[in-house]
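Lettering of chains follows the sequences in order, A, B, ..., and the numbering in each one begins at 1.
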Amino acid sequence: MFSEDEYRLDFFVDEGFQRKKCEKCGKLFWTRDRARKTCGDPPCAPYTFIGSPVFRREHSLEEMREHYLNYFQARGHTRIARYPVVARWRDDIYLTIASIADFQPFVTSGLVPPPANPLTISQPCIRLDDLDSVGRSGRHLTTFEMMAHHVFNTQEREIYWKDRTVQLCDELLSGLGMDPMAVTYKENPWAGGGNAGPSVECLVAGLELATLVFMDLKAVPGGPIEIKGERYEKMPNYIVDTGYGLERFVWASKGSPTIYDAVFPDLVRKVADLAGVEHNLNDPEYSKIFAQNARLAGMVDLDEYSMKDLRAKIAGSIGISPEKLEKTIEPMERVYAVVDHTRCLAYMLGDGIIPSNVKAGYLARLVIRRTLRLMKELGLAAPVADLVLMQISRLDYPDWQERFSTIKEILDQEEQKYAETLEKGKRLVKKTAEHFRKMNQAIPLQEMISLYDTHDIPPEIARESAEEMGASVQLPDNFYSLVAKTHIRAEAKEAPKLVLPGKTELLFYEQPFDQVFEAKVLEVVDGSVILDRTLLYPEGGGQPADHGTLEKAGQVFRVVDVQKSGEVVLHKLERPGLEKGDHVTGKVDMRRRLAHARHHTATHLVHDSAKRVLGKHIWQAGAQKSEDRARLDISHYKRISDEELKAIELEANRRVMETVPVETRFLPRTEAEKLFGFELYQGGVPPGKQIRVVRVGSDIEACAGTHVTNTGQIGAIKILKTERIQDGVERIEFAAGEAAVRACQERDDLLGKAAGALRVPAEQLPKTANRFFEEWKGQQKEIERLLEELARARLKTLTAEAQDIDGLKVVVQRMGSADIEELLKAASLLAEQDYVALLGSETGKLVAAVGKSGLEKGVKAGSIIRAAAKLLGGGGGGKPDLAQGGGPDVEKLAEALKAGCEAMRAGS
RNA sequence: GGGCUUGUAGAUCAGUGGUAGAUCGCCGCCUUCGCAAGGCGGAGGCCACGGGUUCAAAUCCCGUCAAGUCCA
């Protein structure tokens, strides 16, 4: 907890603020109003702005954003452009959840200078935590813009701190026409993402408009300060992190019943019209219902409050029945949610997320499917793509307009996919329901979980169809938490990588083609030596380590692995023998190095070509190189066709033929981002202040790997195959340089062998193979037909030698080297004519069949076979009328048949 | 990254170790003035692929490929 000193600002004192304790929640807050008793935050205080706006006039979203950014620009802040909603510069979160996320971790840690200081930004953010409340609460959104001003203070230079921050906030609000008496600043320590600090929430008329965070702590185990159970210590740098809810400002300026009616009234109107839902806020009765709903919903946390209770309470306070309330607001709740969700999708897809079953793509699919369900409930037949495109055309991002057709294709495909999943689901439910209805049981919970978990059939839908079928289900209220439980597993914690002190100078960037270097052994750790300088590339960025040798006084030590740890490079040796202080001559295995370099540069080319051929939504999702091949994973929403693959291969090879120089240079991170954008981070986010930028023609990436100096050195690129490693991620495997030539040769060999086997030239292979296959199929049919005929023909011979055993016609015969099919045919024909048959072949196969009279007498084919096959050293079995078996001791066939014969007698 | 499920006829699926099936669709014939419906007959299967176990594998085991789905 923070002491009062942290909050007793000169600004508060000068302005006549008092520090008070909320009589309801006990939290401390600052106010100008001597009569105020509560902190101003629901549920301690109600919404009072609905119907009576807190600002002088109404602002649209665009007006409010401009007003805000201009205000801070006029006060010395630099306006910077928004970051994408996909946090590609982060490896810990998928979506941008706050404006400060743009600057974590390197700017906030002080490692990298901010793009401007102080700065102001309006950052679109996506949070899916409260998905279920969107539309219902009147205030929740999945997507919102967090307006902010940020200051990054250092020990050397303080720009401004708490006083100025609160003052700027206060004056911004007063300037918009807010009554200064109405605002409260509630003390609320903030912690998140490894940082923490004092913070105040700015509340007006029950609405939290802004949060002002003074981030000056970082998490340290055993640190002196405790906040929310974590230990922290002071940071040398300290940061003003503010967040102003753009949508809430707009809402406060309008005082409309819901935030949705304030933020996107035009789209709410359109969607309501499309769905045929009446929505007339000018009708005072109708408007009152929504206003009251929002006021009361604003007071509770929907997670903890049952919808039914809330509805009853609201209905009571307006004086209508809960049924009427529900009928009035439920369709609109869905309309609101659809409008919100489609805006969310516009941002997600516009910023390049590809729907998938994993990672950020899964979140996109989640929102898409939720939207489709809502639309279905509304009876809204329009394609979801149309609604999303409507959102996009409303937003001012020109590059998104270009992506219209891709986005439409993605959404249409998702819609179709979901329809198929549901269709399949319905059939499955039907089947399951029938099964359990027959058994006169309710469908067990386990089955319901499996339907949802494995086939995405929501239990509510499953119940509905099952009950239509006349089956009951077991469905507890805490269904989803039960599902979650089945997924809980102890997570394997990764051991923190040991960071060794010291520094190894990396020579391979400056001298990529030098082979020999002199160095000194700084340390020996577990059979690995640390050198003061090295030409050997340590594993990283999907490129394996170099190999080579270290030599001391004629002794040669092979280097079998090279790893980076902190700023030092560890060279793992095949055998021990080097000591601290030794001077060594190092040598790089250039063959391996060059093969890696070729594949690495080729990876950049294939990536760039894929982007040209498939579209701008292509992002690298992973990559791995080796000496003889490389693979590149890219985000793409469907399978890459053969034609596209050929086009990519050709494009990549064209860049090779153009002999483009490969440029590499180190740039300050912020500058590189400014110049080239986040497309730099295809291979993940490199740490550090300076990043190495590699440019190959039009492809520019942050990359620490070793490259050739000119694409011509790659020689050739041969794509070998594609694989779909996840929904939404395609893997392209290819070879470069010598490896490409060898790969082609291997394929030629295969082709040659295949053609040789059929004795045709390779060109005729497809045609011939096809012919062979067709002929083979035809012959299979012919064989079957002939077997049938043969069996019939033999029938006469076989029956001629029938013997009579206990009044049954019995045939026991050796059938030469006939196979099991032949025996089966013959035996079953005999059985049809009421014989008991036991047929054996010299290959050790036996078949027995029993006709009608035999069956009546209790003769079982299975027992006959078991008795006979035992003698052959094998086994057998089957049904009473037909059985088969065999064994390896073929020379005992005669005895076996005899034994079978005796079994017949015993059986009858 | 982890978990679960599924690949059988053109489609939807049955088949838990013993001669690969049903329904719809397709083709032919019958019935009918014609259509729909009905009756009779027929074509259509490397049971995803590759190994293994077994006398015997669509079925069991391992691997590969393809598809679906949930969670972080």
Side-chain angles (χ1 to χ4, degrees), chain A residues 91-94 128 355-360 362-363 365-366 369 417-418 420-428 430-431 434-435 446-447 449-459 479-492 494 621-622 638-639 721-729 731 769 772-774 776-781 784 787-788 791 819-829 831-832 840-841 843-849 860-862 865-866 868-890 892-893 896:
Chain A
D91 50 16
D92 52 343
I93 49 174
Y94 298 129
L128 300 178
S356 162
N357 52 356
V358 289
K359 298 188 181 172
Y362 174 63
L363 300 177
R365 178 165 291 166
L366 189 81
R369 296 199 165 181
K417 234 180 194 172
Y418 190 47
E420 278 164 23
T421 296
L422 282 185
E423 192 51 44
K424 252 187 215 163
K426 262 187 214 150
R427 284 196 297 264
L428 200 62
K430 208 174 149 187
K431 215 164 71 186
E434 201 139 351
H435 174 79
Q446 196 50 49
E447 203 66 33
I449 290 180
S450 147
L451 284 172
Y452 172 70
D453 208 22
T454 319
H455 307 287
D456 191 24
I457 305 163
F479 179 82
Y480 289 98
S481 59
L482 287 171
V483 174
K485 234 182 211 167
T486 64
H487 291 289
I488 294 170
R489 294 273 185 290
E491 261 184 52
E494 227 174 277
K638 55 183 178 189
R639 296 305 305 257
K721 67 172 201 169
T722 63
E723 199 180 336
R724 168 143 278 210
I725 56 164
Q726 287 156 6
D727 199 9
V729 181
R731 171 168 293 172
F772 269 66
F773 184 63
E774 290 304 320
W776 171 81
K777 277 207 287 192
Q779 281 162 7
Q780 289 296 313
K781 295 238 171 261
E784 192 146 329
L787 275 177
E788 185 92 33
D819 72 0
I820 196 106
E821 296 285 324
E822 272 182 86
L823 300 182
L824 277 165
K825 282 251 153 50
S828 50
L829 277 175
E832 264 174 42
S841 85
T843 54
K845 306 288 178 199
L846 297 165
V847 170
K860 289 200 174 64
I865 280 296
R866 263 189 296 277
K870 203 172 165 190
L871 270 132
L872 295 182
K879 296 173 290 185
D881 60 326
L882 186 69
Q884 54 216 272
D889 304 337
V890 288
K892 292 185 183 159
L893 184 60

*Could you pick out which residue, A/Lys845 or A/Arg369, lies toward the 5' side of RNA chain B when each is mapped onto its nearest nucleotide?*
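Closest to the 5' end, via its nearest nucleotide, is A/Lys845.
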
*asked:* Here's a test of your reading of the structure: between A/Lys777 and A/Asp727, which maps to the more 5' nucleotide of RNA chain B?
replied: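 Closest to the 5' end, via its nearest nucleotide, is A/Lys777.
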
Atom [atom1], compared across [N] and [M]: separation rounded to whole Å:
N	M	atom1	value
B/A20	B/C24	P	24 Å
B/C47	B/A66	C1'	16 Å
B/G10	B/G3	P	35 Å
B/U23	B/C60	C1'	30 Å
B/G17	B/G25	C1'	33 Å
B/G38	B/U32	C1'	11 Å
B/C29	B/A43	C1'	14 Å
B/C27	B/U19	P	33 Å

What does [X] touch in the nucleic acid at a heavy-atom separation under 4.0 angstrom: a base, only the sugar-phosphate, or nothing?
X	value
A/Val358	base
A/Tyr452	sugar-phosphate
A/Arg365	sugar-phosphate
A/Gln780	nothing
A/Lys781	sugar-phosphate
A/Gln726	sugar-phosphate

Which whole-number value in Å describes the distance from [X] [atom1] to [N] [atom2]?
X	N	atom1	atom2	result
A/Glu447	B/C4	CD	C1'	13 Å
A/Lys638	B/A66	NZ	C1'	19 Å
A/Glu784	B/G45	CD	C1'	11 Å
A/Asp456	B/C70	CG	P	4 Å
A/Glu423	B/A11	CD	C1'	12 Å
A/Leu872	B/U54	CG	P	17 Å
A/Leu366	B/U69	CG	P	12 Å
A/Leu422	B/G68	CG	C1'	13 Å

Is any side-chain N or O of [X] closer than 4.0 Å to OP1 or OP2 of [N]?
X	N	answer
A/Lys359	B/A72	no
A/Ser450	B/U5	no
A/Arg724	B/C65	no

From [X] [atom1] over to [Y] [atom2], what is the distance, rounded to the nearest 0.5 angstrom?
X	Y	atom1	atom2	result
A/Glu723	A/Arg639	CD	CZ	8.5 Å
A/Arg724	A/Lys638	CZ	NZ	10.5 Å
A/His455	A/Lys424	NE2	NZ	9.5 Å
A/Leu428	A/Thr421	CG	OG1	11.5 Å

Counting Watson-Crick and G-U wobble pairs only, both distances under 3.5 Å, name the nucleotide matched with [N], or none.
N	value
B/U69	B/G3
B/C46	none
B/G41	B/C27
B/C35	none
B/C60	B/G52

*Backbone of A/Lys825 reached by a side-chain donor or acceptor of A/Ser828 within 3.5 Å*: yes

_So if I take every side-chain heavy atom of A/Thr454 and compare against B/C70, B/G45, B/U5, which nucleotide ends up nearest?_
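Per side-chain heavy atoms of A/Thr454, the pick is B/U5.
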
Contact list (N/O, under 3.5 angstrom) for nucleotides 18-21 of chain B vs protein:
unit_1	atom_1	unit_2	atom_2	d
B/G18	O6	A/Gly876	O	3.4
B/G18	O6	A/Gly877	N	3.0
B/G18	N1	A/Gly877	N	3.4
B/G18	N1	A/Gln884	O	3.3
B/G18	N2	A/Gln884	O	3.3
B/U19	OP2	A/Lys879	NZ	3.3

For [X] and [Y], work out which heavy atoms get closest and say how close.
X	Y	answer
A/Arg365	A/Asn357	NH1-N, 4.0 Å
A/Ser356	A/Gly728	CB-CA, 4.4 Å
A/Tyr452	A/Pro458	CD1-CA, 4.0 Å
A/Leu846	A/Gly840	CD2-CA, 3.8 Å

Using the 3.5 Å cut-off, write out each protein N or O paired with an N or O of nucleotides 12-14 of chain B and the distance between them.
unit_1	atom_1	unit_2	atom_2	d
B/U12	O3'	A/Arg427	NE	2.9
B/U12	O3'	A/Arg427	NH2	3.2
B/C13	OP1	A/Arg427	NE	3.0
B/C13	O3'	A/Lys431	NZ	3.2
B/A14	OP1	A/Lys431	NZ	2.3

*asked:* Between A/Val729 and A/Lys359, is there a side-chain heavy-atom distance shorter than 4.5 Å?
replied: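 A side-chain contact under 4.5 Å is absent here.
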
*Are A/Gln780 and A/Lys777 close enough that some pair of their side-chain heavy atoms sits under 4.5 Å apart?*
no

_Any donor-acceptor N/O pair under 3.5 Å between B/U69 base and A/Asn357 side chain_ =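 Side chain to base: pair present.
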
*Should A/Asp727 and A/Lys417 count as an ion pair when the cut-off is N to O under 4.0 Å?*
yes

